[in-house]
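Here's the structure, in structure tokens; my notes come after.
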Amino acid sequence: MFENLSERLSGVFERLTKQGSLSEEDVKAALREVRVALLEADVSLPVARKFVKDVQEKATGQAVTKSVTPGQQVVKIVHDELVEVLKGEGDPGDLKIDSPPAPILMVGLQGSGKTTTTAKIAKRLKDREGKRVLMASLDVNRPAAMEQLQILGQQVGVDTLPIVKGETPVQIAKRAKTQASLGGYDVYFLDTAGRLHIDQELIQQAADVRDVVQPRETLLVVDGLTGQVAVEVAEEFDDKIGVSGVVLTRMDGDGRGGAALSMRAVTGKPIRFVGTGEKVDALEEFDPERIAGRILG
Ligand code: GDP
């Protein structure tokens with residue numbers, strides 16, 4: 001479906017004689033192709049533009065190594081720069097869960113994979129770090145969502161807060177906090193309500209819960225296939241609630257993962273994990289090298 005960037009660039013460079021260093025014209029011609037590749041990978045236009053401009057400044061005048069073609073050299077410069085932008089500080093999988101019980105707030109739009117991801121991360125903490133984990137659903141408008149978390153909890157062997165009808169999200173959050181303290185849990189997840197679009201009520205609910213529990217992490221779950229929309233969602237949630245990290249789901253799909261670059265470039269938030277399937281084990285720590293390779297095709 002996509003043309004490989006290296007192949008494209010070889011076409012551009014066929015006409016150019018090999019010189020000692022990358023000329024401005026060489027770089028410009030190559031970066032036109034890079035820009036198209038980024039847009040095809042669903043990177044947002046302003047991010048693709050800025051990225052290309054930065055790379056242009058870095059690449060122009062660089063000495064061309066004898067063993068590679070100018071095209072290969074530009075691809076390497078682009079790849080390295082992609083990794084640099086995608087990389088956050090520290091280890092992406094390292095969640096701040098000291099001082100138990102540590103609350104983790106999960107936010108995102110309905111259908112983004114929030115509930116599944118909550119169970120996936122909970123399972124990971126239990127299996128890999130031996131943590132005692134509790135999960136609670138705050139989606140009072142969708143009983144099915146509450147039941148879904150309960151079923152996932154049974155599946156992954158993680159406790160869920162018993163469902164009590166008629167409570168508000170804040171009441172549930174308080175009960176989860178108490179239960180987590182009394183029950184000796186290390187971590188508790190609060191799976192907030194999702195909607196199809198961001199609305200004021202949804203944001204207010206999440207903000208109220210945040211104020212009550214003071215989460216150690218607020219993880220935003222976004223569908224990695226939604227590109228531009230994912231970035232808008234991230235900006236809105238970060239602005240109104242404050243996000244400490246992002247999880248991109250559906251990275252097992254056909255998409256090229258451009259949302260990852262836009263997300264990092266626009267929000268500056270670290271991407272912690274990627275969802276790679278429907279199964280409860282289909283979660284990977286974010287790997288900038290791998291995504292950079294995928295964006296370039
Ligand atoms: P929520 O409404 O945000 O809580 O979304 P759910 O957790 O209910 O997920 C919606 C659908 O997406 C479910 O069918 C999940 O199995 C599926 N899903 C979640 N994460 C992934 C993923 O990483 N890859 C794929 N292929 N499907 C996923």
Side-chain angles (χ1 to χ4, degrees), residues 2-9 11-13 16 21-64 70-90 92 198 220 222-240 242-251 255-272 274 286-297:
F2 301 103
E3 198 183 347
N4 181 297
L5 185 65
S6 308
E7 281 168 24
R8 278 193 180 163
L9 289 179
V12 173
F13 284 101
L16 302 168
S21 62
L22 294 172
S23 74
E24 199 176 333
E25 279 314 304
D26 290 349
V27 173
K28 268 195 178 150
L31 289 181
R32 268 196 289 277
E33 298 299 324
V34 171
R35 200 170 83 121
V36 174
L38 292 177
L39 294 175
E40 277 184 1
D42 216 5
V43 174
S44 73
L45 183 59
V47 170
R49 273 201 191 125
K50 172 156 194 317
F51 181 84
V52 163
K53 188 165 163 280
D54 291 348
V55 171
Q56 190 168 323
E57 280 165 18
K58 282 197 184 158
T60 303
Q62 271 203 14
V64 178
Q72 286 167 334
Q73 179 138 351
V74 174
V75 171
K76 180 169 182 340
I77 297 168
V78 169
H79 176 271
D80 292 351
E81 182 68 14
L82 270 178
V83 171
E84 203 47 45
V85 177
L86 287 167
K87 209 167 56 186
E89 308 245 307
I198 295 183
L220 171 69
V222 286
D223 183 339
L225 293 180
T226 56
Q228 184 71 45
V229 176
V231 177
E232 284 161 19
V233 167
E235 279 188 295
E236 181 80 7
F237 271 102
D238 189 37
D239 191 36
K240 302 281 168 48
V243 165
S244 64
V246 176
V247 182
L248 287 178
T249 61
R250 300 213 173 79
M251 296 301 274
R256 291 260 297 270
L261 183 70
S262 308
M263 190 68 75
R264 278 290 300 155
V266 175
T267 68
K269 297 297 162 187
I271 301 168
R272 298 297 190 70
V274 296
F286 179 64
D287 179 354
E289 290 274 347
R290 200 182 306 166
I291 299 287
R294 191 161 153 176
I295 291 174
L296 291 179

Indicate yes or no: at least one non-hydrogen side-chain atom of [X] is less than 4.5 angstrom from one of [Y].
X: Ile291; Y: Met251; result: yes
X: Val36; Y: Arg32; result: no
X: Val85; Y: Phe51; result: yes

Over all heavy atoms of both residues, which pair between [X] and [Y] is shortest? Give the atoms and the distance, please.
X: Leu248; Y: Gly224; value: CD2-CA, 4.1 Å
X: Glu81; Y: Val55; value: CG-CG2, 3.7 Å
X: Ala260; Y: Ile271; value: O-CD1, 3.5 Å
X: Leu31; Y: Val74; value: CD2-CG1, 4.3 Å
X: Val47; Y: Val43; value: CG1-CG1, 3.7 Å

[X] side chain to [Y] backbone, donor-acceptor under 3.5 Å:
X: Arg35; Y: Ala48; answer: no
X: Ser262; Y: Ser44; answer: yes
X: Asp238; Y: Val243; answer: yes

Problem - Full working for side chain to side chain contact (heavy atoms under 4.5 Å, CB included) between Glu84 and Asp80 - result: CA-CA 6 Å; Glu84 203 47 45; Asp80 292 351; over 6 Å; no
Practice task
Quickly, which of Val266, Ile295, Val231, Asp42 forms a side chain to side chain contact (heavy atoms under 4.5 Å, CB included) with Leu261? Name it, please.
Solution key: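 With Leu261 as partner, side chain to side chain contact (heavy atoms under 4.5 Å, CB included) holds for just one option, Ile295.
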Exercise for the section: Under the salt bridge (charged side-chain N to carboxylate O under 4.0 Å, His left out) rule, collect the residues that match up with Glu232, sequence neighbours excluded. Expected result: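 Not a single residue meets the salt bridge (charged side-chain N to carboxylate O under 4.0 Å, His left out) criterion with Glu232.
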Exercise for the section: Return the set of residues passing salt bridge (charged side-chain N to carboxylate O under 4.0 Å, His left out) with Arg294 (not counting sequence neighbours), or none when no residue passes. Expected result: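 In terms of salt bridge (charged side-chain N to carboxylate O under 4.0 Å, His left out), with neighbours along the sequence ignored, Arg294 is linked to no residue.
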Handout entry: Atom pair CG (Leu45) and CG (Leu38), whose distance is rounded to the nearest 0.5 Å
Key =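 So the CG of Leu45 and the CG of Leu38 are separated by 10.5 Å.
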Practice task
Give, for atom NZ of Lys240 and atom CD of Glu235, the distance between the pair rounded to the nearest 0.5 Å.
Solution key: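 If I round to the nearest 0.5 Å, the distance is 11.0 Å.
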Practice task
Test Lys28 against Gln56 for side chain to side chain contact (heavy atoms under 4.5 Å, CB included), laying out the working first.
Solution key: CA-CA 7 Å; Lys28 268 195 178 150; Gln56 190 168 323; 3.4 Å; yes
Problem - side chain to side chain contact (heavy atoms under 4.5 Å, CB included) between Leu86 and Phe286, worked out - result: CA-CA 9 Å; Leu86 287 167; Phe286 179 64; 4.1 Å; yes
